[in-house]
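Okay, structure first, notes after.
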Amino acid sequence: MTSADVAREAGVSRATVSYVLNGVPHQKIPETTRQRVWDAADRLGYAPSAAARALRTGRSEIVLGLLPDWPIEHVLGRLIQQLTNAFAENGLTFLVHSSAHPSRPLRDIWKAMTPAAVLALQDFDAQEAEAMRTAGIEVVMAMHGAQWGEPRPPLVSEQPIGALQARHLAAPHRRLGYAYPDLPGLDVLARPRLDGVRAVCAELDMPEPDVRTVPLDAVGAAEAVKGWLAADPPATGICAFNDNVALAVLAGLSHLGLRAPRDLAVIGVDDITGASLAQPPLTTVVRDTDAIARGLARRVVDTLGGKEIPAEPLRDDLLLRVRESA
């Protein structure tokens, strides 16, 4: 089906069909005529050509999401789905590209689709970002990390997460520990969360947190547990990078015949499905990823529309779900 078929079906000109279906502004077309065109297009199963629209406007209606080489688990998968929904509500299609090896070079990807915007989970090469802008990609944003030399904070701040964990554990514990993930690619998230813990310890005149890398296995985690308990003073409250790392700490405790919170209090992040099923059930920090997704989509859409966007990070309401582990 073509626009000419829709025009014949609706009894209007092809130009009117084009104006209506492509949402061309400043056209004085009666609402009844617009509805007649949409009804005809629906009956005929016609949709405007995305390729033709991209040729006319110089870009597609695609937002390219760039994922680092991170494991796509519960929380990241949920965020991707929520971003997909949020962009769809604004007439945009969210497509994800992972940099996990082996993958096509990033430049090949964005050159092939000419997206309207690129949203990266973490910063990437400044020359790549400049090349995108030079090629006409209107919006290039990063959720985490630096904004390619621009004096803007990350769109999503991780420090409040670590600060909330530390404040929850600080009162009954003389010293805190931090369970750092055993995956270097997660540094962009782990470092600011650790900074939040450090800031609270300094504010409350507590010792520097005892930072130990915790692998996702019971034996390796047990070594970290022994280190925390042997420190001077011992670290008895552990802020874990996320729930997976926190569950590893609980497994390490069990491996040594110990138990939370009697021997070591543990708090995670994300409230994954297994958090409530752990023994003991895991205390964790919960964030509203749907609100984050909608906020990110709104900033992209507003930037595409030429609006000035705020410099501060998105609002991120955190909830502490207290269970038996802390």
Cationic tip of Arg212 above Tyr178 ring, under 6.0 Å, 45° of axis: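 No, Arg212 and Tyr178 do not form such a contact.
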Identified side chain to side chain contact (heavy atoms under 4.5 Å, CB included) partner of Leu318 from the options Asp288, Leu164, Val269: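 Only one of Asp288, Leu164, Val269 forms a side chain to side chain contact (heavy atoms under 4.5 Å, CB included) with Leu318, namely Leu164.
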Among Val285, Leu282, Thr284, Thr283, the one residue meeting side chain to side chain contact (heavy atoms under 4.5 Å, CB included) with Asp271: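 It is Thr284; the other options fail the test.
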Taking 4.0 angstrom as the limit, do [X] and [Y] come out as a salt bridge?
X      : Y      : answer
Glu89  : Arg294 : yes
Asp39  : Arg36  : no
Arg262 : Glu324 : no

Answer yes if [X] and [Y] sit in the same cluster of Ile, Leu, Val, Met, Phe, Trp and Tyr residues linked by side chain heavy atoms under 4.5 Å apart, and no otherwise.
X      : Y      : answer
Leu319 : Leu169 : no
Val322 : Val286 : no
Leu204 : Ile267 : yes

Donor-acceptor pair, distance only, cut-off 3.5 Å: does the side chain of [X] make one with the backbone of [Y]?
X      : Y      : answer
Ser18  : Arg14  : no
Arg175 : Pro207 : no
Glu61  : Thr93  : no
Thr16  : Val12  : no

From CA spacing to verdict: salt bridge (Lys or Arg N to Asp or Glu O under 4.0 Å), Arg287, Glu158: CA-CA 11 Å; Arg287 73 193 322 176; Glu158 300 295 317; 3.1 Å; yes
So how far is it from [X] [atom1] to [Y] [atom2], rounded to the nearest 0.5 Å?
X      : Y      : atom1 : atom2 : value
Lys226 : Leu256 : NZ    : CG    : 6.0 Å
Leu253 : Arg259 : CG    : CZ    : 10.0 Å
Leu79  : Leu121 : CG    : CG    : 6.5 Å

Short side-chain donor-acceptor distance under 3.5 Å, Asn90 and Arg298: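 Checked: Arg298/Asn90 side chains pair up, N/O donor to acceptor below 3.5 Å.
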Flag for Gln82-Thr289: side-chain donor and acceptor within less than 3.5 Å: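 Yes - a donor-acceptor pair under 3.5 Å links their side chains.
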Heavy atoms of other groups near Arg315 CZ, more than 12 under 6.0 Å: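 Counting other residues, nucleotides and ligands, CZ of Arg315 stays at 12 neighbours or fewer.
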